[in-house]
Amino acid sequence: MQPPAPSLSAEEIRAIIHRHLALEGPLLPILHALQEACGHIPEAAREPVCDALNITRAELHGVITFYHDFREAPAGRHVLKICRAEACQAMGGAALAEAALARLGLGWHGTTANGAVTVEPVYCLGLCACAPAAMLDERPVGRVDRARIDALLAEAGA
Amino acid sequence: MRIWVPGDSAARALGADEVAEAIAAEARARGIEAQIVRNGSRGMIWLEPMVEVEIDGVRCGYGPVVPADATAILSGEAACALGPVEALEWMRRQTRLTFARVGVIDPLSLAEYEAHGGLTGLRRALAMDGAAVIEEVSASGLRGRGGAGFPTGIKWKTVHDAPGAQKYIVCNADEGDSGTFADRMLMEGDPFSLIEGMAIAAHAVGASKGYVYLRSEYPDAIRVMARAVEIAREAGILGADALGPGRAFDIEIRKGAGAYVCGEETSLLNSLEGKRGIVRAKPPLPALEGFMGRPTIVNNVISLATVPVIMEKGAAHYAGFGLGRSKGTVTLQIAGNVKRGGLFETAFGMTLGEAVEDLGGGSATGRPVKAVQVGGPLGAYMPVSMFDTPLGYEEFDAAGGLIGHAGLVIFDETADMLGMARFAMEFCAIESCGKCTPCRIGAVRGVETIDRIREGDPTALPLLADLCETMKDGSLCALGGFTPFPVMSAVRHFPDEFATAKEAAE
């Protein structure tokens, strides 16, 4: 995975916003596109988004902070999501997640010191018949055990 | 030589990509001309990755396959040979209507889709007027498969009769409930059936635009659906003349952003409009004032994807299956601590115990089953003593539970029911949209109160019951309103675990 560009120029921000303006309800697609381009919603994008959509900074802030997906700062180079939901708990997912976090010395949403991996909770990946489940970036992983978590973390450079 | 290696994300999660590569490499090395299709999953997740090879016109299964099996599979001597897939008991016992094509066809081949009955329903619908289509859907008895079980035909009729030049079809693909994956499997395995269902709905009510609100946790489903929409556009199934000359219908795939509450229809509509996913008070119904304040059908993936087969085979065929007012089939998702997990489509009426013990084969760990949470994080924990409850909307309601999206999450005897009750409250607190007080504050107090029970506070249990009553009666939507189901069912059916905590502390 290519590390996301640290920032976007005013020109790039304008282009991303403009590309979505014809949509009905364009705000979420714009925020997703901004985050895809630079790993988070940059502060510099707030004013142009508000201007383009005629919404207040408060409204935009409300939307960005409402959704778990949107970040105000970049994550690590990789994101490991570990499912916390019931089906995974039934297969020992909670203990597995705790052990992984403890080994990394992180809490949920924490990033390793070398910036390689951010570990996040997720509530269901739809892999409930092969629980416990996790997802490294966009790659689904089922029947996760300690060895597999370690392998995933090693692969991500944690 | 035709070979199928599922591209379904559960199969991928169990190594299907590596298996597909190994088989392709082995075929190349031996000079075998192999056509590898990445199909959907047949639903036998415990056998995934399940490879199928066509032998004398019959699809034979192998599973679970590891890359090292490639040599043996291509030689026809793999130890994991299952025989003809259609003859497997899991397949033979099903009534596959909605999932007829899932796992069978190449999900993105429109030609295979048509060859397996696809588009027949849409063609028949387009030859009828909207009211007649709605009549047919009503007669089928189809009820909302997202969980609420509201009659689909009535919803459609409301939108049909509502005044307004612009109407919308919104597909709720925000399948956030733990233990459910039918929407995901359908979108990954047979995306055109959803597109066809939405087109039929659009024709029925006079809508020109559709949205699929698809959760971001499903990147594979997003990719497949987006590509399927492009293919459908190229083929004219979507576009300016989709529903006849000058009658446009198009679909846009919208990605969610990780909020569970957006599976609630009004919250979903706000999110689609670019707002916080806050629940709206009803009335007005979304059918009258939905997306952008206009008449809108909001239906679950399975509801919409079932419409084509209803139109293809007729309402009477569909209504011929089922139990009482629960007509047709239910797509059971058997998950959690279970030996044979997966998707099983069958007529309503099977008992819970049959699904868990007979189909699922009991727990994966081999320990006795303790409880099954039916219907997602907002569904009740059903103890073994209630395993004779038939799977039907009214039957589950009478048993103090709900069928929801038909996910069954199985727990063995090691499950900590007080812990699960606490988690239900914690989850509600994390995911609450914040609009109504019983949910926003109640969930936080619920966690604290359950902690007090664990610590042995004898006054806490009545308080929890009272809090749950308040949440049930006072919440605006099912998140706050149904969280009491898992909590109070755990208290009711496993009282010892709430009492033991008390006695242990005394």
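Numbered from 1 within each chain, the chains take letters A, B, ... in sequence-line order. Just so it is clear, the model here is predicted, and its values are computed rather than measured.
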Item to check | Audit row: E426(B), R84(A), salt bridge (Lys or Arg N to Asp or Glu O under 4.0 Å) steps and yes/no | outcome: CA-CA 11 Å; E426(B) 183 193 352; R84(A) 282 196 70 205; 3.1 Å; yes

Checklist outcome for this item: When every non-hydrogen atom of A129(A) is compared with those of A335(B), the smallest separation belongs to N-CB, 4.1 Å

Checklist entry - Is atom NZ of K275(B) surrounded by more than 12 heavy atoms (other residues, nucleotides or ligands) closer than 6.0 Å? => result yes

Item to check | chain A contact via M185(B) - which portion, at a heavy-atom distance below 4.5 Å | outcome: neither

Item to check | Minimum heavy-atom distance C124(A)-G179(B), with the two atoms named | outcome: SG-N, 4.3 Å

Checklist entry - Which one, I45(B), L272(B), L14(B), leads in non-hydrogen pairs under 4.5 Å with chain A? => result L14(B)

Checklist entry - Mind checking what makes ring pair (Phe, Tyr, Trp, His ring centres under 6.0 Å) contact with F427(B), not counting sequence neighbours? => result Y123(A), Y260(B)

Checklist entry - Considering all heavy atoms of both residues, which atom of S271(B) and which atom of L28(A) are nearest to each other, and what is their separation? => result OG-CD2, 3.3 Å

Item to check | Stepwise side chain to side chain contact (heavy atoms under 4.5 Å, CB included) check, L27(A) with E273(B) | outcome: CA-CA 8 Å; L27(A) 183 52; E273(B) 289 178 6; over 6 Å; no

Item to check | Side chain to side chain, E138(A) and R223(B), heavy atoms closer than 4.5 Å | outcome: yes

Checklist entry - Under a 4.5 Å heavy-atom cut-off, does chain A meet the side chain of Q333(B), its backbone, both or neither? => result neither

Checklist entry - Which atoms form the tightest heavy-atom contact between Y67(A) and A257(B), and what is the distance? => result CB-O, 3.4 Å

Checklist entry - With only heavy atoms counted, which part of T180(B) is less than 4.5 Å from chain A, the side chain, the backbone, both or neither? => result backbone

Checklist entry - Any idea which heavy atoms bring S178(B) and A87(A) closest together, and the distance? => result OG-N, 3.0 Å

Checklist entry - Which answer fits I278(B), side chain, backbone, both or neither, if we ask what part of it has an atom under 4.5 Å from a heavy atom of chain A? => result both

Item to check | chain A interface, residue from A10(B), G277(B), P486(B), C262(B) that has the most non-hydrogen pairs under 4.5 Å | outcome: G277(B)

Checklist entry - Can you tell me if CG on D51(A) sees more than 12 non-hydrogen neighbours from other groups inside 6.0 Å? => result yes

Checklist entry - Are any non-hydrogen side-chain atoms of F66(A) and V261(B) less than 4.5 angstrom apart? => result yes

Checklist entry - Is the CD atom of E47(A) crowded by more than 12 outside heavy atoms at less than 6.0 Å? => result no

Checklist entry - For R146(A), does the CZ atom sit with more than 12 other heavy atoms under 6.0 Å from it, leaving out its own atoms? => result no

Next on the checklist: Using only atom types and a distance under 3.5 Å, with no angle test, would you say the side chain of R276(B) pairs donor to acceptor with the backbone of G62(A)?
Outcome noted: yes

Checklist entry - With only heavy atoms counted, which part of V122(A) is less than 4.5 Å from chain B, the side chain, the backbone, both or neither? => result side chain

Item to check | R215(B) (side chain) donor-acceptor with L125(A) (main chain) under 3.5 angstrom | outcome: no

Checklist entry - Rounded to the nearest 0.5 Å, how far apart are CD of E24(A) and CE of M292(B)? => result 5.0 Å

Checklist entry - Below 4.5 Å, heavy atoms only, C-beta onward: do I430(B) and H68(A) meet side chain to side chain? => result yes

Item to check | Point-to-point distance, once rounded to the nearest 0.5 Å, from SG of C128(A) to CG of D177(B) | outcome: 9.5 Å

Checklist entry - Looking at R254(B), E217(B), R184(B), which has the largest count of heavy-atom pairs under 4.5 Å with chain A? => result R254(B)

Checklist entry - Given the options E59(A), H32(A), R139(A), which has more heavy-atom pairs under 4.5 Å with chain B than any of the others? => result H32(A)

Checklist outcome for this item: For A364(B) and M91(A) the tightest heavy-atom approach is CB-CE, 4.0 Å

Next on the checklist: So V409(B) and Q89(A), do their side chains get closer than 4.5 Å, heavy atoms only?
Outcome noted: no

Checklist entry - Can you tell which of A221(B), P377(B), G342(B) has the highest number of heavy-atom pairs within less than 4.5 Å of chain A? => result P377(B)

